[in-house]
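As structure tokens, the structure follows; a few thoughts come after it.
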Amino acid sequence: MIEHDVVIVGAGLAGQSAALAAIAGGAKDVAILSKVHPVRSHSGAAQGGIAASLGNEAEDSVEMHDYDTVKGGDFLSDQDASLILTESAPEMIYALEHMGVVFSRTEDGKIAQRPFGGHSSPRACFAADRTGHAILHGLFEQVVKHDVKIYSEWYMLSIIVHDHGCHGIVVMNIDSGEIEVIKTKAVMFGTGGYGRIFQTTTNAFASTGDGAIISYRAGVPLEDTEFMQFHPTGLYRHGILASEGARGEGAYLINGEGERFMERYAAGMMELAPRDIVSRAEQTEIDEGRGGEEDGDAVYLDLRHLGRERIMERLPQIWQLSRDFQGIDMIEEPIPIQPTAHYSMGGIPTNVDGEVVYDEENTVLAGYYSAGECACVSTHGANRLGTNSLLEACVYGDRAGRSIAKYLSGGYEERPATPQVFSDAVAQATERADRVRAMDGPERLGDIRNDLKVAMTNKCGVYRDEGPLTELTDELREFRGRYARAHISDRTRRFNTEFLEAVELDHMIELAEVMVAGALARKESRGGHSRRDFPTRDDENFLKHTLANRAEDGTPDLTYKPVKIIRHEPVERTY
Ligand SMILES: Cc1cc2nc3c(=O)[nH]c(=O)nc-3n(C[C@H](O)[C@H](O)[C@H](O)COP(=O)(O)OP(=O)(O)OC[C@H]3O[C@@H](n4cnc5c(N)ncnc54)[C@H](O)[C@@H]3O)c2cc1C
């Protein structure tokens, strides 16, 4: 058995920020575990920017940032969380800068800021269109400097929760295939999102929602998973992101007829309306026959008027991506795009100190923390504004790390977990691993995965409706059946990626079930959740957070908890 005071699962911005904060707060023995090499975490793919009301390019304030965030979230944000996020932002940017993160500059040397959807002032600090990469590497240098123990390419299989406290995790060393326990005083999840359950997504292969489901299976509910963000500008047929930074720099959206269609949907903010609104506008153009390309399933991002110099200075990566994947030079031609699954607003419920809470009264589960995209402190409510998520991962990762340090130095009490608790956890994980490695049925894992993604995209995508969601509920049951009859061809232990994909598919099917249950029950349209049969927001019945608990029979059982409304009463959301 391995032992550490603290183990952090996930090496993205949330996990690394937490590790550094825990150490700064006095924690001595901190480890990070990641299924991919730390700097391959999805945070490194973030392009457009990180929000803070520095006011370097126009007037701005914390109050404006806070209001934009809550309005962007369609008033489902917990307002204590959104205020902490926006108040902490300027200090966080300077802390990152002092760490060595190189931000792009204005002419007079200040940190440059570009406009972003739903933000009423240019507030996105950026490093060209490689912002996540710059921050992730900046943090990683500090993590290495502070001798954080790193388990790179280790896979978490389960969390050990016993007697309302968390005692560690069960992990597999991917290289050897060995399963072990890491016993800890505190565990933190920064395991990222789950866009991979959709057919087209911007998300990395690792974004399969392991942490969310592992937590759910250990008895912690999942909050608001029906709120999935579809980003308006995924490269057509690939889903790869063309950053909103492009529209921040002034790019247009045009339909197959060459018309700037946002005029019809958000005349005030046009292309810079929040993502849920822009994605729905695009989907409507496509559905009503004004799309482009052979099958009419695309609209276009037009950057031609920005000119070569600006594109190559501010958006070099997306120029490269569209040239490599689509064979198009965006300086000369508009690029075909479509909505693509991007961000998970919901996740593991936490309070503003990063402590995981497990019921309607927000009771804390001792020793268990979470932050970043896998968590739901609900700053983003029903729809996240671009650039608020890197910020959230840093701010709430940092807060979780500080809470851990405080817990270890004061509040920690040795809780009784007998050796049996640990040996049972290993036995269970081993039994599951053996079962997966022995799968010998007729179904191919790849087919099940593809069918799942197509079904989720078609029936739980940008627009939703009772009929398709009900069908999908039945189909997901069939997917479980098919999974039980699946076949695995690699039965070895060492670096068995087929095994890992099988485990991830198991997680994805269950996550889809939770998401669809939430979407079916939420009979309203709010933020990223848009029902054709209930097209308006219904504050009377649904101004509340969904909590899905895992019932005895493994199906999601829904309850709700109130939204924290403090300063901003819900009003109609127009742009
Ligand atoms: C293409 C793209 C561009 C984006 N651009 C922006 C942007 O410009 N601005 C912005 O604010 N947001 C952006 N976002 C969103 C933002 O990048 C993410 O929400 C954020 O980086 C998530 O950070 P995280 O630390 O929570 O998780 P991630 O960075 O996703 O890291 C997850 C970590 O968990 C580990 N992990 C997961 N499961 C396991 C397991 N079972 N065992 C071991 N380890 C595990 C992984 O190895 C990884 O280290 C973008 C997202 C994408 C996909």
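Values in this document were obtained by computation on a predicted structure and should not be read as measured data. Numbering starts at 1 and runs along the sequence shown. Read the numbers this way: they start at 1 and go in the same order the structure lists the ligands and their atoms.
Annotation: side chain of Leu253 is in contact with side chain of Leu301 (closest heavy-atom distance under 4.5 Å). Taking 4.5 Å as the limit, every side-chain heavy atom of Tyr236 sits out of range of all side-chain heavy atoms of Ile337. At least one side-chain heavy atom of Pro38 sits less than 4.5 Å from a side-chain heavy atom of Gln16. Taking 4.5 Å as the limit, some side-chain heavy atom of Ile84 sits within range of a side-chain heavy atom of Arg399.
Considering only non-hydrogen protein atoms, atom 28 (P) of ligand 1 sits nearest to Ser43 OG, 3.8 Å. Summary of contacts: the protein heavy atom closest to atom 15 (C) of ligand 1 is Ser389 OG, 3.3 Å. In terms of protein heavy atoms, atom 37 (C) of ligand 1 is closest to Thr191 O, 3.4 Å. Scanning the protein heavy atoms around atom 35 (C) of ligand 1, the nearest turns out to be Gly10 CA, 3.6 Å. What sits closest to atom 11 (O) of ligand 1 on the protein, heavy atoms only, is Leu390 N, 2.7 Å. In terms of protein heavy atoms, atom 53 (C) of ligand 1 is closest to His42 NE2, 1.6 Å. Nearest protein heavy-atom neighbour of atom 3 (C) of ligand 1: Leu241 CD2, 3.2 Å. In terms of protein heavy-atom proximity, atom 8 (O) of ligand 1 is closest to Gly48 N, 2.8 Å.
Across Glu153, Arg384, Gln47, heavy-atom proximity to atom 14 (N) of ligand 1 is greatest for Arg384. With distances taken over non-hydrogen atoms, the option nearest atom 44 (N) of ligand 1 out of Glu392, Lys35, Met156, Met172 is Lys35. Comparing Gly132, Ala46, Ala371 against atom 5 (N) of ligand 1, the shortest heavy-atom distance belongs to Ala46. Which of Gln16, His231, Glu373 comes nearest to atom 18 (C) of ligand 1 through a heavy atom is settled by distance: it is Glu373.
Close approach of ligand 1 to Ala14 is summarised as follows: ligand atoms under 4.0 Å from at least one heavy atom of the residue are 25 (O), 26 (O). Applying the 4.0 Å criterion to heavy atoms of Gly12 picks out, from ligand 1, the atoms 25 (O), 29 (O), 31 (O), 49 (O). Of all atoms in ligand 1, numbered sequentially from 1 with element shown, those under 4.0 Å from a heavy atom of Gly372 are 26 (O). Contact atoms of ligand 1 toward Ala11: 33 (C), 48 (C), 49 (O) (distance under 4.0 Å to a heavy atom of the residue). Atoms of ligand 1 lying under 4.0 Å from at least one heavy atom of Tyr155, given by number and element, are 41 (N), 42 (N). Heavy-atom contacts of Asn388 reach the following atoms of ligand 1: 11 (O) (cutoff under 4.0 Å). Within ligand 1, counting atoms from 1 as listed, the ones closer than 4.0 Å to a heavy atom of Asn203 are 53 (C). Atoms of ligand 1 lying under 4.0 Å from at least one heavy atom of Thr387, given by number and element, are 9 (N), 10 (C), 11 (O).
Summarising the geometry of Arg105 relative to Ala112, their closest heavy-atom pair is C-CB, 3.5 Å, with the distance given to 0.1 Å. When all heavy atoms are compared, the tightest approach of Leu76 to Phe227 is CD2-CE1, 3.4 Å.
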Trace of the side-chain hydrogen bond (donor to acceptor under 3.5 Å, both in side chains) decision for Ser215 with Tyr368:
CA-CA 10 Å; Ser215 183; Tyr368 182 24; 2.8 Å; yes

Run the side-chain hydrogen bond (donor to acceptor under 3.5 Å, both in side chains) test on Gln229 and Asp276 for me, step by step, so that the C-alpha distance in whole Å, both residues' side-chain angles and the decisive distance to 0.1 Å come before the verdict.
CA-CA 7 Å; Gln229 177 168 87; Asp276 55 335; over 6 Å; no

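Put simply, no part of Gly211 is less than 4.0 Å from ligand 1, judged by heavy atoms. A heavy-atom separation below 4.0 Å is not found between Thr131 and ligand 1. Using a 4.0 angstrom heavy-atom cutoff, Trp154 counts as in contact with ligand 1. Using a 4.0 Å cutoff on heavy atoms, Val36 counts as a contact of ligand 1. Ligand 1 lies out of reach of Ala206, whose nearest heavy atom is not under 4.0 Å from it.
Aromatic ring orientation, Tyr155 versus His507: parallel (interplanar angle below 30°, classes split at 30° and 60°).
Contacts with ligand 1 closer than 4.0 Å are made by no heavy atom of Val171, backbone or side chain. Neither the backbone nor the side chain of Glu244 has a heavy atom within less than 4.0 Å of ligand 1. Contact annotation for Tyr343 and ligand 1: only side-chain heavy atoms (C-beta onward) come within less than 4.0 Å of the ligand. Contacts between Asp210 and ligand 1, counted as non-hydrogen atom pairs separated by less than 4.0 Å, involve the side chain only.
Under the 4.0 Å criterion applied to side-chain N and carboxylate O atoms, Glu141 and Lys145 are not assigned as salt-bridge partners. Note on Glu392 versus Arg384: no salt bridge recorded, every NZ/NE/NH1/NH2 to OD/OE distance being 4.0 Å or above.
A donor atom on one side chain and an acceptor atom on the other are found under 3.5 Å apart for Asn351 and Glu355. Side chains of Asn56 and Thr106: no donor on one and acceptor on the other come within 3.5 Å. Judged by distance alone, the side chains of Lys71 and Ser120 never bring a donor and an acceptor atom under 3.5 Å apart.
Residue contacts with ligand 1: Leu391 is placed with no nitrogen or oxygen under 3.5 Å of a nitrogen or oxygen of the ligand (distance criterion only). For ligand 1, the polar-atom distance check against Ala393 finds no nitrogen or oxygen pair separated by under 3.5 Å. Polar contact check, Thr202 against ligand 1: no nitrogen or oxygen pair lies under 3.5 Å apart.
Both tests pass for Arg437 against the ring of Phe499: distance under 6.0 Å to the centre and angle within 45° of the axis. Seen from the ring of Phe205, Arg196 counts as a face-on cation partner, given the 6.0 Å and 45° thresholds.
Taking the centre of each ring, His380 and Tyr343 come in below the 6.0 Å mark.
Leu96 pairs in a side-chain contact (heavy atoms from CB on, under 4.5 Å) with only one of the listed residues (Val102, Leu390, Val101), which is Val101.
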